[in-house]
Amino acid sequence: MNPDDFESELTAALWREEPPPDFARGILARVERKRRAQVRPWAKVLPWAIAAGIALGAVVPVALHQRAVEREARAQQAKHELLVALNITQSRLRHTRELLLRHKS
Amino acid sequence: MRLDFAEVLKQNQSMVYSIALRFLRSRETAEEVAQDVFLQFYQQMGRMEGEPHATAWLRRTVCHRAIDELRRRRLRMHVAMENAPEPRDGYTPPDLLLHRRLRELVDALPDSARMVVVLRYQEDLDPSDIASLLDMPISTVKSHLHRSLTLLRGRIEKQEVYS
């Protein structure tokens with residue numbers, strides 16, 4: 001086989017093969033998904049934002065309730081201490097009155 | 001100039017896939033690489049200056065991606081041309097066509113030689129274009145072509161002698 005004929009045969013042997021039948025369809029589908037993601041960039045963040053909102057919705061009321069309970073407890077404590085102080089004052093006033101009455105008589 | 005991606009894909013898919021297939025010798029890997037090349041092209045499409053530019057870009061990109069894939073998979077065979085193994089036949093039908101045999105022989109060439117032969121005889125590129133595409137000296141390209149043709153012709157003739 002002369003060189004020119006051999007090169008012709010080699011050219012004929014190395015024909016281009018077609019890719020699998022669904023090759024183009026698969027690429028176009030991936031391109032379309034990319035295009036949609038670029039048009040709606042917030043779509044990636046939305047599920048996380050919803051999850052964060054749900055978590056906050058569960059946590060915040062509990063935290064608020066806890067603070068209210070603590071505030072009530074502090075108020076009750078202050079009330080108790082005031083009553084104790086008033087009782088002490090009342091007791092001392094009574095004692096002073098008795099001393100004065102004794103002295104007068 | 002605004003290109004239509006689907007049209008570019010249709011016009012160039014066999015070129016991109018075939019180059020990847022000849023370089024990588026694996027249909028599955030060739031399909032993956034070819035898909036990645038077209039997805040990369042989609043991102044770059046706005047920079048193309050027309051269909052010839054797009055075709056040249058795709059050809060160059062698939063060559064480089066295939067070379068990278070070969071390096072990554074460590075499929076480089078550091079064998080001298082003379083020691084390139086005969087392709088394994090398994091079953092060889094008596095009426096094996098010349099072209100099928102030639103493809104098998106080309107597949108068995110060392111990587112760099114195979115790339116040069118594919119770009120010359122499948123893509124009909126000049127040695128200077130091949131040198132530019134593969135970032136290879138033109139003298140190396142010509143050397144690969146000369147030695148590959150000598151090897152391929154020798155093996156075909158040897159088969160003809162013994163058949």
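A note on names: the letters A, B, ... follow the listed sequences, proteins ahead of strands, and every chain is numbered from 1.
M15(B) is connected to V116(B) through a chain of hydrophobic side-chain contacts under 4.5 Å among Ile, Leu, Val, Met, Phe, Trp and Tyr, so both are in one cluster. Under the 4.5 Å side-chain heavy-atom criterion for grouping Ile, Leu, Val, Met, Phe, Trp and Tyr, L58(B) is connected to L133(B) within one hydrophobic cluster. Y121(B) and L24(B) fall within a single hydrophobic cluster, where Ile, Leu, Val, Met, Phe, Trp and Tyr are joined by side-chain heavy atoms under 4.5 Å apart, directly or via other members. L21(B) and L125(B) end up in different hydrophobic clusters when Ile, Leu, Val, Met, Phe, Trp and Tyr side chains are linked at under 4.5 Å. Linking Ile, Leu, Val, Met, Phe, Trp and Tyr residues whenever their side-chain heavy atoms come within less than 4.5 Å places V62(B) and M115(B) in a single cluster.
Interface with chain B: from residues 11-19 of chain A, residues T11(A), A12(A), A13(A), L14(A), W15(A), R16(A), E17(A), E18(A), P19(A) qualify, criterion being any non-hydrogen pair under 4.5 Å.
With values rounded to the nearest 0.5 angstrom, L10(A) atom CG is found 6.5 Å from L152(B) atom CG. Put simply, NZ on K10(B) and CG on L28(A) are 12.0 Å apart, with the number rounded to the nearest 0.5 Å. If you take CZ on R120(B) and CD on E7(A), they are separated by 6.5 Å, rounding to the nearest 0.5 Å. Considering CZ of F6(A) and CG of L98(B), their distance stands at 7.5 Å, rounded to 0.5 Å. To the nearest 0.5 Å, the span separating OH on Y42(B) from CZ on R35(A) amounts to 6.5 Å.
Both the backbone and the side chain of A34(B) have a heavy atom closer than 4.5 Å to some heavy atom of chain A. Using a 4.5 Å cut-off between heavy atoms, I19(B) makes no contact with chain A at all. Both the backbone and the side chain of L149(B) have a heavy atom closer than 4.5 Å to some heavy atom of chain A. Using a 4.5 Å cut-off between heavy atoms, V117(B) contacts chain A through both its backbone and its side chain.
The number of heavy atoms from other shown groups lying within 6.0 Å of CD (E28(B)) does not exceed 12.
With a 4.5 Å cut-off between side-chain heavy atoms of Ile, Leu, Val, Met, Phe, Trp and Tyr, the cluster of L82(A) takes in L86(A).
V31(A) approaches L39(B) most closely through the heavy-atom pair CG2-CD2, 3.7 Å.
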